[in-house]
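In what follows, chains carry the letters A, B, and so on, assigned in the order in which the sequence lines appear, proteins first and then strands, with residues in each chain numbered from 1.
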Amino acid sequence: MSIPFLSYSNSKKSIIFVKNYKDMIKRTPIIDIIKNSDKLVLNEEINIKAWVRTKRGNKGIMFLAVNDGSIIHNAQIIIDVPNFDDALLRSITTGSCVSVNGILKESPAAGQSHEIHATEIELYGTADPEKYPLQKKGHSMEFLREIAHLRPRTNTFGAVYRIRHHMTFAIHKFFNDRGFFNVHTPIITGSDAEGAGAMFRVTTLDMNNLPKTEDGKVDNSKDFFGRMVNLTVSGQLEAELAAMALTQVYTFGPTFRAENSNTPRHLAEFWMIEPEVAFNDINDNMDLAEDFIKYLVQYALDNCMDDLEFLNKMYDKELIERLKAVNAEPFVRKTYTEAVEILQQSGQKFEYPVDWGYDLQSEHERYLVEKHFGKPVILTDYPKAIKAFYMKQNEDGKTVRAMDVLFPKIGEIIGGSQREDNLEKLSQWAKEQGVPEKDIWWYLDTRRFGSGPHSGFGLGFERLILFITGMSNIRDVIPFPRTPHNAEF
RNA sequence: UCCUCCUUAGCUCAGUUGGUUAGAGCACAUGACUGUUAAUCAUGGGGUCCUUGGUUCAAGUCCAAGAGGGGGAGCCA
């Protein structure tokens with residue numbers, strides 16, 4: 001590690017660097033200085049490459065707080081001002097990118113355990129302080145959304161990005177550890193079978209010169225796929241096909257909804273996780289959903305505590321408490337009918353009346369989760385008429401084995417069901433709901449050949465991240481949000 | 001898409017009943033300070049008051065339309 005000829009001259013002009021020897025010091029990620037300093041050797045020269053967060057100091061000594069995103073905390077660089085070129089030091093401002101060689105020492109001051117005493121500084125890229133939009137102080141989420149290309153350099157978005165990664169990894173780990181197989185379902189799809197909302201059209205046709213059929217309509221047979229296709233709104237139907245062969249599968253991919261939704265909980269492009277398990281009934285499905293979410297929450301508590309503590313301090317004082325509370329007790333499980341009775345007997349005044357047969361409104365769900373039970377709630381057995389055609393019909397002829405997992409603050413985080421495995425009932429109900437058999441003949445085939453009970457659900461990834469991070473707007477938990485009238489970056 | 005609120009310096013915001021030269025904090029620049037922690041202190045520069053039209057002797061302030069944004073609702077994950 002220590003290389004004799006690195007002790008270069010202490011001449012004042014220290015911008016000089018020799019590529020070959022500089023490359024001999026391997027970059028140390030800042031996380032190693034903060035978390036694994038026992039593996040580093042004091043008084044050895046190390047290299048840090050990072051972006052400057054703040055610079056402060058005086059004529060004799062300068063302090064640089066730098067961050068490389070490996071961890072939320074900054075590393076402190078100590079600069080002995082007289083030993084460095086004045087112009088170089090002046091050019092180092094908030095936002096600039098630097099490579100620093102320096103001696104690792106224990107820090108005499110509070111705030112950090114270690115610090116790096118710079119021996120050599122290379123300025124990779126400056127950031128004109130008059131133009132660089134990020135300051136040392138608070139920015140509103142709205143402003144940061146306008147500079148989504150730079151906001152990953154903030155503490156908040158660094159934390160969100162890291163948590164997103166850890167949750168992605170934890171999802172794959174959870175399923176892999178339980179013998180599930182990840183299935184890649186198509187992004188371009190010809191079916192609108194689920195009816196999960198408006199779809200984005202995919203076409204290579206010249207919009208200014210559309211081919212027409214004899215009756216004046218657009219001739220989709222001339223399009224790339226020879227038919228009309230869209231971006232997927234769900235991988236569920238395809239996941240079911242896989243489950244009827246591999247038993248336990250899940251998808252994790254992008255999903256698109258062209259709904260004109262303008263809320264802090266909706267995106268036009270989002271990521272969804274959809275497990276599908278053969279031989280699971282609705283109760284197994286609830287068990288899986290509850291185990292799954294609790295595993296992810298625990299994984300965040302175990303692996304993302306530095307970031308969670310930051311978010312807890314800056315945005316949501318009850319965040320960590322709430323995450324722990326979710327895992328402490330079983331979720332409440334009630335039927336839709338029971339929920340309606342609770343709401344009707346609550347004495348609470350609702351803007352919308354509660355009546356059996358109508359879908360629950362946000363205010364009703366929020367009352368159940370936040371006021372009545374004070375913990376996550378899973379509701380099942382909804383009226384057949386308000387749910388999708390593929391859900392398993394109950395013997396009562398009125399309800400289906402649907403399941404919604406309702407969470408504090410964010411509402412519905414999971415929607416799922418046991419699937420209808422009876423061919424007659426499924427095709428009959430699909431017909432009545434206006435899903436043409438010619439579009440889902442392949443789906444119906446799974447019921448035609450070797451059908452069996454199975455269940456699954458969909459988890460909105462960004463809604464999970466909302467809950468885990470305590471952020472209040474879904475546009476701030478995805479790097480580049482797509483919403484109506486917004487597809488910049 | 002509906003309801004509602006907002007738009008003033010780079011950022012966050014104040015601006016009274018319509019009245020003379022539109023303010024503050026932070027950021028930025030200059031200077032001071034030999035261990036700072038969103039450093040501190042002093043000084044300084046910085047404005048299409050979202051756009052268009054209207055009312056008025058006079059509009060940041062009142063009215064109308066439009067654009068952008070926030071919150072709530074619907075659709076849902």
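Base contact: A/His117 has a heavy atom under 4.0 Å from a base atom. Within the 4.0 angstrom heavy-atom criterion, only backbone atoms of the sugar-phosphate kind lie near A/Glu412; the bases stay farther away. At the heavy-atom level, A/Gly57 lies under 4.0 Å from base atoms of the strands shown. Residue contacts for A/Thr54: at a heavy-atom cut-off of 4.0 Å it reaches the sugar-phosphate backbone alone, with no base atom in range. Using a 4.0 Å heavy-atom distance criterion, A/Ser107 is classed as a base contact. Nucleic acid contact class of A/Glu351 (heavy atoms, under 4.0 Å, all strands): none. Among the protein residues, A/Tyr352 comes within range of the sugar-phosphate backbone only, with heavy atoms under 4.0 Å from sugar or phosphate atoms but none that close to a base. Residue contacts for A/Asn262: at a heavy-atom cut-off of 4.0 Å it reaches a base atom on one of the strands shown. Among the heavy atoms of the strands, none lies under 4.0 Å from A/Leu134. Nucleic acid contact class of A/His266 (heavy atoms, under 4.0 Å, all strands): base. Across all strands shown, A/Leu464 has no heavy atoms under 4.0 Å from either base or sugar-phosphate atoms. Among the atoms of the strands shown, none is found under 4.0 Å from any heavy atom of A/Ala65.
Taking atom P in both B/rC63 and B/rG18, the straight-line distance is 10 Å, to the nearest Å. Between the C1' atoms of B/rA9 and B/rG44, the separation comes to 15 Å (whole Å). Separating the C1' atom of B/rU55 from that of B/rG23 is a span of 28 Å, rounded to the nearest Å. B/rA59 and B/rU20 are spaced 12 Å apart, taking the P atom of each and rounding to whole Å. Distance check on atom P: B/rU61 versus B/rA14 gives 16 Å, rounded to whole Å. Of the C1' atoms belonging to B/rG71 and B/rG10, the separation is 26 Å, rounded to the nearest Å. Nucleotides B/rC3 and B/rG66, compared at atom P, are 12 Å apart to the nearest Å.
For A/Gln112 and B/rU36, a side-chain-to-base donor-acceptor distance below 3.5 Å is present, hydrogens and geometry of angles not being considered. Between the side chain of A/Ser261 and the base of B/rC75 there is at least one donor-acceptor pair of N/O atoms closer than 3.5 Å.
One can place NZ of A/Lys131 at 13 Å from P of B/rA29, the figure rounded to the nearest angstrom. With rounding to whole Å, A/Arg53 atom CZ is found 16 Å from B/rA27 atom C1'. Rounded to whole Å, atom P of B/rA67 lies 16 Å from atom CG of A/Asn486.
In the set B/rU34, B/rA73, B/rG71, B/rA73 carries the atom at the smallest distance from any side-chain atom of A/Arg366. When distances are taken from the side chain of A/Ser362 to each of B/rA73, B/rG35, B/rG69, the shortest belongs to B/rA73. For A/Arg463, counting side-chain heavy atoms from C-beta on, the closest listed nucleotide (B/rU30, B/rG70, B/rA77) is B/rA77. Taking only side-chain atoms of A/Ala109, from C-beta outward, the nucleotide of B/rG71, B/rA77, B/rU37 with the closest atom is B/rU37. Considering only side-chain atoms of A/Glu130, the nucleotide from B/rG74, B/rG69, B/rA29 that sits closest is B/rA29. Of the candidate nucleotides B/rU37, B/rC11, B/rA77, B/rU37 has the atom lying nearest to any side-chain atom of A/Gln76. In the set B/rG69, B/rC75, B/rG35, the nucleotide with an atom closest to the side chain of A/Glu115 is B/rG35. Comparing B/rU1, B/rA77, B/rA38 by their closest approach to the side chain of A/Asn260 singles out B/rU1. For A/Pro108, whose side chain is taken as the heavy atoms from C-beta onward, the closest listed nucleotide among B/rU36, B/rC28, B/rG35 is B/rG35.
Partner assigned to B/rG74 is none, using Watson-Crick or G-U wobble distances below 3.5 angstrom. Across all strands shown, B/rG31 is found opposite B/rC41 as a Watson-Crick or G-U wobble partner, with both distances under 3.5 Å. B/rA14 makes up no base pair with any nucleotide shown, lacking Watson-Crick or G-U wobble contacts both under 3.5 Å. Summarising the base pairing, B/rU51 is matched to B/rA65 through a Watson-Crick or G-U wobble pair whose two defining distances lie under 3.5 Å. Of the nucleotides present, none pairs with B/rG46 by Watson-Crick or G-U wobble criteria with both distances under 3.5 Å.
The number of heavy atoms from other shown groups lying within 6.0 Å of CE (A/Met305) is above 12. When the shell of 6.0 Å around CZ of A/Phe169 is examined, it contains 12 or fewer heavy atoms from other residues, nucleotides or ligands.
Using a 4.0 Å cut-off on heavy atoms, the residues of residues 143-167 of chain A that approach RNA chain B are A/Phe143, A/Arg145, listed by number.
Considering only side-chain N and O atoms, A/Lys136 lies under 4.0 angstrom from the phosphate OP1 or OP2 of B/rA39. Between A/Arg265 and B/rA73, a side-chain N or O to OP1/OP2 separation shorter than 4.0 Å is present. Of the side-chain N and O atoms in A/Thr263, none sit less than 4.0 angstrom from OP1 or OP2 of B/rC76. Within the 4.0 Å cut-off from OP1 or OP2 of B/rG71, at least one side-chain nitrogen or oxygen of A/Asn473 is found. For B/rG70, the OP1/OP2 oxygens have a side-chain nitrogen or oxygen of A/Arg475 closer than 4.0 Å. Taking side-chain N and O atoms only, A/Ser140 has a distance below 4.0 Å to OP1 or OP2 of B/rU12. Put simply, A/Gln361 has a side-chain N or O that comes within less than 4.0 Å of OP1 or OP2 on B/rG74. Under 4.0 angstrom from either OP1 or OP2 of B/rU34 there lies no side-chain N or O belonging to A/Lys59. A close approach under 4.0 Å does not occur between any side-chain nitrogen or oxygen of A/Arg56 and OP1 or OP2 of B/rU36.
Not less than 6.0 angstrom separates the ring centroid of A/Tyr390 from the ring centroid of A/Trp429. The distance between the ring centers of A/Tyr367 and A/Phe350 falls below 6.0 angstrom. Between A/Phe174 and A/Phe292, a ring centre-to-centre spacing shorter than 6.0 Å is recorded.
Comparing A/Gly111 and A/Gly60 by the nucleotide of RNA chain B that holds the closest heavy atom to each, the one mapping nearer the 5' end is A/Gly60.
The side-chain tip of A/Arg151 does not point at the ring of A/Phe489 from less than 6.0 angstrom away and within 45° of straight on.
Using the six-membered ring where Trp is involved, A/Phe175 and A/Tyr250 have ring planes that are parallel, under 30° apart on the 30 and 60° scheme. Ring pair A/Tyr315/A/Phe310 is perpendicular by interplanar angle, where above 60° counts as perpendicular and below 30° as parallel.
Evaluated for a side-chain hydrogen bond (donor to acceptor under 3.5 Å, both in side chains) with A/Asp381, the options A/Asn394, A/Thr399, A/Thr335, A/Thr337 yield exactly one hit, A/Asn394. Between A/Asn67 and the choices A/Asn74, A/Thr154, A/Asn155, the side-chain hydrogen bond (donor to acceptor under 3.5 Å, both in side chains) rule is met once, by A/Asn74.
The aromatic ring of A/Phe63 does not stack onto the base of B/rA39, failing the criterion of a centre distance under 5.5 Å from the six-membered base ring together with planes under 30° apart.
Side-chain atoms of A/Lys49 and A/Ser99 form a donor-acceptor pair, as typed in the model, at a separation below 3.5 Å.
Atom NZ of A/Lys387 is separated from atom CE of A/Met403 by 10.5 Å, given to the nearest 0.5 angstrom.
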